[in-house]
Each structure stands twice: as C-alpha cells, then as structure tokens.
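Values reported hereafter were calculated over all heavy atoms of this structure, with side chains retained and with hydrogens, waters and symmetry mates removed. Since this is a predicted model, take the numbers as computed values, not measurements. Note that ligands are numbered from 1 as they come in the structure, with each ligand's atoms numbered from 1 the same way. Along the sequence shown, residues carry numbers from 1.
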Amino acid sequence: MPPKQTEADLTGATPRRRPKPDILEVGGRKLQPATLMMGHGYDPMLSEGSLKPPIFLTSTFVFESAAAGKRHFEGVTGKRPGGAEGLVYSRFNGPNQEILEDRLGVWEDAEDALTFSSGMAAIATMLLASVRPGDTIVHSGPLYAATETLIGKILGRFGVHWLDFPAGASRAEIDAALTRAQGMGRVALIYLESPANPTNALVDIEAVAASRDALFAGEKPPIVIDNTFLGPLWQKPLRHGADIVLYSLTKYAGGHSDLVAGGVVGAKAMLDPIRAMRNTIGTITDPNTAWMLLRSLETLELRMTRAGENAAKVCAYLRDHPKVERVGYLGFLEEGSSQADIYRRHCTGAGSTFSLYLNGGEPESFAFLDALKIAKLAVSLGGTETLASHPAGMTHLSVPDARKAALGISDNLVRISIGVEDPDDLIADFTQALDAV
Ligand SMILES: Cc1ncc(COP(=O)(O)O)c(C=O)c1O
C-alpha cells in the first residue's frame, strides 16, 4: 500500500517539524527576560533532546520536495503572501541566528530582531536599506567615529546629505534641525546615539519623537538609535518613541570581549527592508558567534547589574581623589540639569562606562594607564574585565583638535569600562595607579 499522503504532500509545504510553542507566562505572570534567556525559541526535541542548541554548521538546507522548494521561493519573492517559511540558505538565516534573534527581541518587547557580523555591519545594512540619493540623514552628534565616517564620507559619495544637532539638544533645537532638514529634501531617517561615544551625553528620545510627529504630516522618517552603551538593560528606546534600536553586540550583550557582532530590534514592518538588504549583501552573524551570544545572553542581567554596581562604587571613590579633576559618569548628573531630566525619564541605570579626567595632561594619563595592574589597556567596553584607554591618543587621534576640544576629548581624559571583578580589588588597582601619577 502506498504511504498515506500528508498535508505537506498535498500543499507542497515543507513538513519540517515546528518547535513547541514558547512558554511566555506562568500562572498569569509574564516571564522576565532573565528567565526566557535559558530556553526561549529553542525546542530540544528538534535536536535529539540536546539541552543546548547545537551549532548548525551548514551553508544550505534540504527541501523536502521540489514543490516545497518552489513554495519557499514564492514566499521569498512575494508571489505568495505570508513570506518564506523554513530555512533555505545560510546567507539568509540559520537556526542559531533565529534563536538568538528571538531572545534579543525579548529584552525590549520587540516584535522582531536581526543579527549581524558586527555593530558596523548592522548600522551599514540599516542605512543601505533606508537611503536614496538626495536624501538627508538627521543625526545627533557626536556619533561613534566609524558611523560618522559611513554617513558623512561614504554615503556622501552617493549623494546622501546629513545634518546634525548636539546630543543634549532641547526640543526647540531639535525642531530647528528637523525643519532645516525638511528644506533639503526627503528626510530618510533620524539617527541617534545615546549616550554618545565618548562624551556620554544623553539624547532626549521622547523630544525627538514629539518633534518628528509634529513636523512630519505624511511619511514620517523612522527614529533609529544606537543603544550600545546602556542597552538592553538600562535603556529601552522603543518605549520612548524610537522605531529601530541598534547594537554593537560586541559590547555588553557579548560581554566577554571574545566576539564581534551586531543587532537590530523593532517592529517587523520596520525590519523587513533591512532583512532583505542583509539577505542580499550577506552581513548576517555566523552560527558560532550566534551560539556564543546565546550563552552570553543567559548571564546578561547578572553581568550588567554587577558591572553597574561596581562602577558606582569605583566612581564614588574616584570622585573625591585629589589627583582627579572630575568623573564623567551618568550617576553624577547635576540635579535639575536637562541631562538629569533626560536620564530620569529614559534610563534605569548609569551603566559602567565613564570618563575619568585626571589633573594634568597626557603624561599623567599615560602614567596612570601604564601603572594599572588589573584593568587592561585596551579599547572597547562592556566586557567582564575592566578596560581603560586614552581616546585623544587612540580612538580619536585623527579627530581635528578643534572638534576634540568641542567634544571634551582632552589629553587628561581616560575612558574606563568597569567589569565584574571584585570592586575593592578594582579600587586598590586605581589607588596604586593614581599613586604612580
Ligand atoms: C556606540 C557604538 N556603536 C557601534 C560600534 C561598532 O560596533 P562593532 O565594533 O561591533 O562593529 C561601537 C564600537 O565600539 C560603539 O561603541
């Protein structure tokens, strides 16, 4: 007797088994991200009962039948509504990346998420999906240096213009910038970075959203924000009016200084064009890195909470040290200032990356950095270990002196990212390094 025809045979759909539905609440209680990081988006029974997802090292996926293959491509090309089902080719997606994307979105209650081979790959793919020649990008300033290069120098070669406003701008200043941009043609997007790198200045996302909504009657440019410094724990910009949130997952999300990756979260309709661009140019994260990120996300809340507590203790110590001019830390914003007001409305923690201004200049900064015994002398941030660097002489060496002065990137500035070590050991390290100055 021939085998009974399944529904899949009849419809041409792939009969690959579907994961069990995710458990998102227990007893009416919505489960928190820290809980969901252990299993969300993964059904062990689809992988031989393996508790942890295997790493799927494959470049392509087998179709059940020719009809199923056709049906898939009908979904990809839009000939059939509903989009593509299942997996077809690893430049588009894979199981490790899909699980990672499900879990990344959870932190911000986002409908959809995408992951990339670096933070810059995420930013570049989003920009390529959004701009056309003659468009204007309005952005807060300063931005991470490579983002500024991409917008100003690279997209400029393709006829894309930009206009910026300072990160701490008031509603009136934001209104003025957006009105000027409207006079230049189509505004493709409003791009924010908050806190800004390296000044730590906060952008008033709520004011940007209110301004955009008041000034744009028809097509509204999306508000995109790089949330690398405080996200996804201490700032959730989708709640404050942003449409797309970007990450260098290399930092707090990866958290162990052992991988490079990027992410984008937001509504599916916002992310679909970015997904299509990623499919075309192949900027997706690889399965091994995705697997490492899954491991990292399990401890994200623990790590970020500890790093934040450590930073608060270390900054309280450094603030009163006689060799310290001041500490640029979000926990020390001046009561009543507009920055403190933005912080109160947008942030739930001060992070663990801050600026230490020593009394003196480059010799004092270098003496301090060279004397550190626990903290490592390296750029980057958000790892389990404490890192320290000298922006004026390193990451921002090529920035013109006048711009450095405007951004407060002085020779006596040391950038510090606090890790999860014992806080008193870190204080002992900073004490002996300051003694050496
Ligand atoms: C705020 C910010 N955005 C984006 C990036 C770029 O990320 P990646 O190095 O993962 O490409 C960085 C890297 O330092 C960053 O600090």
Side-chain angles (χ1 to χ4, degrees), residues 97 100 104 113-128 137 139-152 154 164 167 189 191-203 205 224-235 237 242 244-265 274 278 281-286 288-290 292-293 296-297 304 307 328 330 347 351-355 376 378-383 385 387-391 394-399 407 409 413 415-419:
Q97 295 93 325
L100 173 63
L104 190 62
L114 297 168
T115 57
F116 296 84
S117 55
S118 70
M120 284 315 301
I123 294 167
T125 308
M126 180 281 299
L127 286 171
L128 279 180
I137 298 171
H139 71 81
S140 63
L143 298 177
Y144 177 62
T147 311
E148 279 198 8
T149 302
L150 187 53
I151 292 177
I154 300 175
D164 68 349
L189 70 146
Y191 186 94
L192 314 175
E193 183 177 301
S194 181
N197 183 359
T199 58
N200 259 6
L202 295 170
V203 180
I205 310 165
V224 183
I225 179 167
D226 183 335
N227 196 35
T228 297
F229 272 70
L230 288 182
L233 198 64
W234 297 307
Q235 181 170 254
I244 296 174
V245 183
L246 291 165
Y247 285 101
S248 167
L249 300 176
T250 313
K251 310 298 190 294
Y252 288 98
H256 298 71
S257 308
D258 55 6
L259 61 83
V260 174
V264 169
V265 305
I274 306 172
R278 187 186 68 171
I281 63 177
T283 41
I284 191 167
T285 189
D286 67 277
N288 192 67
T289 303
M292 289 169 73
L293 278 160
S296 294
L297 288 183
M304 291 185 80
L330 287 176
C347 311
S352 78
T353 304
F354 61 92
S355 300
K376 302 286 186 293
V379 299
S380 201
L381 59 116
E385 63 287 287
L387 300 182
S389 65
H390 188 252
M394 298 174 187
T395 45
H396 291 71
L397 187 65
S398 61
V399 175
L407 296 178
I409 305 171
L413 162 63
R415 242 349 226 174
I416 297 177
S417 165
I418 295 288

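Near Ala261, with a cut-off below 4.0 Å to any heavy atom, the atoms of ligand 1 are 10 (O). Close contacts between ligand 1 and Thr250 involve ligand atoms 8 (P), 10 (O) [criterion: under 4.0 Å to a heavy atom]. The contact set between ligand 1 and Phe229, taken as ligand atoms under 4.0 Å from a residue heavy atom, comprises 1 (C), 16 (O). Proximity to Gly119 (heavy-atom distance under 4.0 Å) selects the following atoms of ligand 1: 7 (O), 8 (P), 10 (O), 11 (O). Interface atoms of ligand 1 facing Asn197, defined by a heavy-atom separation under 4.0 Å, are 16 (O).
Under the 3.5 Å distance criterion, the side-chain polar atoms of Thr285 are left unmatched by any main-chain donor or acceptor of Thr115. Using modelled atom types, no side-chain atom of Thr199 and backbone atom of Leu407 make a donor-acceptor pair closer than 3.5 Å.
For atom 6 (C) of ligand 1, the nearest protein heavy atom (residue, atom name, distance) is Tyr144 CE2, 3.4 Å. Given atom 4 (C) of ligand 1, the protein heavy atom at minimum distance is Asp226 OD2, 3.4 Å.
At under 3.5 Å, a nitrogen or oxygen of Lys251, whether backbone or side chain, sits near a nitrogen or oxygen of ligand 1. When only interatomic distances are considered, the shortest N/O to N/O separation between Met120 and ligand 1 falls below 3.5 Å. Ligand 1 has no N or O atom lying under 3.5 Å from any N or O atom of Thr147, backbone or side chain.
Considering CG of Leu381 and NZ of Lys251, their distance stands at 5.5 Å, rounded to 0.5 Å. Summarising the geometry, atom OG belonging to Ser248 is positioned 13.0 Å from atom CZ belonging to Phe116; distances are rounded to the nearest 0.5 Å. Rounding to the nearest 0.5 angstrom, the gap separating the OG atom in Ser118 from the CG atom in Leu259 is 11.5 Å. Distance check, rounded to the nearest 0.5 Å: CG of Asp226 to NE2 of His139 gives 12.5 Å. Of the inter-residue distances, the one linking Leu127 atom CG with Ile274 atom CD1 reads 9.0 Å to the nearest 0.5 angstrom.
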